[in-house]
> 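One structure, as structure tokens, below. Some questions next.
Below, each value reflects all heavy atoms present in this structure, side chains not excepted, and no hydrogens, waters or symmetry copies. For reference, positions follow the sequence shown, starting with 1.
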Amino acid sequence: MKARLLLTSALFLFVQIPTMQAQVTVDVIKITCQQIVMGELPWTQRDVVLWLSGYYNGKRNSTLAEPEAIKKDEDKVSQYCYQHRDTTVMDAVKNVLGLEK
């Protein structure tokens, strides 16, 4: 009798667990400075800069990360984006940091 009660209770618990939300995929090349400046993304500006830093470092086969350099780059990109809101963030990074086009 106790086994049935435990099994029934366990089943009710699993039924009440909310379903997971679908994962959202974003094409980073389409993110604009406007979206970053106005906070229209589910991530912070720092998250985007970190992702782009990893992207460009990966293209150069570099595994090194300099936290101070990333912070300075974030500030530079932020200032550029504030003045060029129609630019994509990838283009802003390329223009500000002199990365490949």
Side-chain angles (χ1 to χ4, degrees):
M1 186 64 133
K2 287 183 181 181
R4 282 189 180 169
L5 181 59
L6 286 174
L7 181 59
T8 305
S9 298
L11 288 174
F12 281 117
L13 285 174
F14 286 118
V15 170
Q16 293 178 357
I17 295 174
T19 58
M20 298 295 283
Q21 295 291 328
Q23 186 173 356
V24 175
T25 304
V26 175
D27 189 355
V28 177
I29 201 165
K30 295 179 182 177
I31 297 173
T32 65
C33 283
Q34 173 73 16
Q35 291 173 299
I36 292 290
V37 170
M38 298 305 292
E40 297 173 358
L41 298 172
W43 321 289
T44 64
Q45 176 178 322
R46 184 167 179 83
D47 294 337
V48 175
V49 170
L50 283 170
W51 188 92
L52 288 171
S53 173
Y55 173 79
Y56 285 113
N57 278 310
K59 289 182 84 169
R60 292 190 305 257
N61 293 320
S62 174
T63 58
L64 302 176
E66 296 178 46
E68 285 300 316
I70 292 172
K71 176 63 179 148
K72 288 178 184 176
D73 292 346
E74 177 187 359
D75 293 340
K76 290 177 189 175
V77 171
S78 177
Q79 290 173 3
Y80 184 89
C81 277
Y82 190 77
Q83 296 172 349
H84 303 91
R85 294 183 184 210
D86 292 334
T87 305
T88 65
V89 176
M90 285 192 83
D91 285 340
V93 168
K94 289 176 192 175
N95 292 333
V96 171
L97 304 180
L99 301 174
E100 66 183 58
K101 292 193 177 203

> Got a donor-acceptor contact below 3.5 angstrom from the Gln79 side chain to the Lys76 backbone?
no

> Under the side-chain hydrogen bond (donor to acceptor under 3.5 Å, both in side chains) test, which residues partner Arg85, sequence neighbours left out?
none

> To the nearest 0.5 angstrom, please state how far the CD1 atom of Ile29 sits from the OG1 atom of Thr88.
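Those atoms lie 6.5 Å apart.
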
> How about Glu66: does its CD atom have over 12 heavy atoms from other parts shown lying under 6.0 Å from it?
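Atom CD in Glu66 is not crowded, with 12 or fewer foreign heavy atoms closer than 6.0 Å.
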
> Between the side chains of Thr44 and Asp47, is a donor N or O closer than 3.5 angstrom to an acceptor N or O?
yes

> Between Gln45 and Glu74, is there a donor-acceptor pair closer than 3.5 Å when you use the side chain of the first and the backbone of the second?
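Judged by distance alone, yes, a pair lies under 3.5 Å.
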
> What's the shortest heavy-atom distance between Ile70 and Leu50, and which atoms?
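Heavy-atom minimum between the residues: CG2-CD2, 3.7 Å.
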
> Working to the nearest 0.5 angstrom, can you tell me the gap between Thr87 OG1 and Tyr80 OH?
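It comes to 4.5 Å.
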
> I want to check something: taking the side chain as every heavy atom from C-beta on, are Arg46 and Lys71 in contact at a cut-off of under 4.5 Å?
yes

> Give a yes or no on this: more than 12 heavy atoms of other residues, nucleotides or ligands lie within 6.0 Å of atom CD of Glu68.
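Not buried by this count: 12 neighbours or fewer within 6.0 Å.
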
> Under the ring pair (Phe, Tyr, Trp, His ring centres under 6.0 Å) rule, collect the residues that match up with Tyr82, sequence neighbours excluded.
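Counting only residues at least two positions away or on another chain, Tyr82 forms no ring pair (Phe, Tyr, Trp, His ring centres under 6.0 Å).
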
> With a 4.5 Å limit on heavy-atom distance, are the side chains of Trp43 and Ile31 in contact?
yes

